[in-house]
Student: 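Let me give you the structure first, and then I'll get to my questions.
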Amino acid sequence: MIEKIEIRIIKLPLVEHFETSFGRIYEREILLISVFSDGIIAFSESATDKDPLYSYENNATALHILEEYIIPLLFADKIEDPINFKRNCSFIKGHNMAKSAMELALWDLKAKKMGQPLYKIWGGVKNGVISGVSIGIKDSLDELNGIIEKRLEEGYQRIKLKIKPGKDTIILSSMRKMHAGICLSVDCNAAYGIEHAPLFKEMDAYKLLMIEQPLAHDDVYYHSVLQGDIATDICLDESITGMHKASEAIELGSCRVINIKIGRVGGYIEAKEIHDYCASRRIPVWCGGMLESGIGRAFNVALATLPDFTLPNDISETRRYWSKDIIDHEFIIRKGLIEVPQGVGIGVIPDFDFIESIAIYRKNYHH
Ligand SMILES: [Mg+2]
């Protein structure tokens, strides 16, 4: 039985700032959950950040939903199993990242109680997952080129460039000239409209692996119009908030690839359902990132061991983001792969002395 839940919010500085079409960030504020049950401690982190830039959720909304609804429900219904948890909290509309944060902690708990690595319980089939890297918008082409060269040397299997209006085709034509054969994709983070269709048509010449989320964060229809118009595969990220949206997008022909993020879709159970559906429709998937700490990265690695995760994932080395991470394990690339931790549960152990030293919020909840 769950006796205690702890929530911490920490402030963790990034090694270098990260710029997308949303803006530039220098640090992440990460909401962490610890669940205590029968002498076992399970962990997770929320995909939310301080500000609601990627979606409407942020740490404040996640904290609100966890404190007012999810934690009282867990204690009242004596829930410990993630499947029961998903069913019992389905009355809460939206707030996928808040729900996912708790569901993931329950998965870690379940795996630890079974004495198994989480990825095995999830049906994972790999010891290593393909690592790609996402590069933020840079001030100059020289700077960007230098970073691409460094990342290729480090062994990343796919380079993804963040773009926004005014910083797109000029960058692409220049990078394609310098790196003709590399596996290259772009992520627009919803920064364009359907009126930019001619620009995306132009991008077909750059032989991109995919164009990620070109149009509005909640759009499915206009993506189908755009996909019908261009040769390059569209990948949806922000728009896919659950199984319903995934099937809607695939039925409409809005995309040919899906980026699965556990937090965005509301937990592993939903992510697995999307994975299975995509596999049945021959739609490849890959695991996206939210600048996670080592705890979130461990869950992403476990997810990416599922069979239909055939494209390079946004799962990079620890040192790409953090000079000091909050776990005892450093994720590194070997031969283009990130190794899957083999310990029980998520297979990594949080460094609580460090976590306490950078915590800006802490609260305990008792049964
Ligand atoms: Mg994206």
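Both ligands and their constituent atoms are indexed starting at 1 by order of listing. Remember, it's a predicted structure, so these values are computed and weren't measured experimentally. Counting begins at 1 with the first residue of the sequence.
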Student: Would you say Asp237 has an N, O or S atom lying under 2.8 Å from the Mg ion (ligand 1)?
Tutor: yes

Student: Looking at the Mg ion (ligand 1), is there an N, O or S atom belonging to Asp187 that lies under 2.8 Å away from it?
Tutor: yes

Student: Salt bridge between Glu19 and Arg24, side-chain N to carboxylate O under 4.0 Å?
Tutor: yes

Student: Do Leu306 and Tyr268 pass the side chain to side chain contact (heavy atoms under 4.5 Å, CB included) test, and can you show the C-alpha distance, the side-chain angles, and the key distance before you say yes or no?
Tutor: CA-CA 11 Å; Leu306 293 174; Tyr268 166 73; 4.1 Å; yes

Student: Could you report the tightest heavy-atom contact between Ala190 and His217, atom names first, then the distance?
Tutor: CB-N, 3.5 Å

Student: Name whichever N, O or S atom of Glu212 ends up nearest to the Mg ion (ligand 1).
Tutor: OE2

Student: Does a side-chain N-to-carboxylate-O contact under 4.0 Å join Asp237 and Arg264?
Tutor: yes

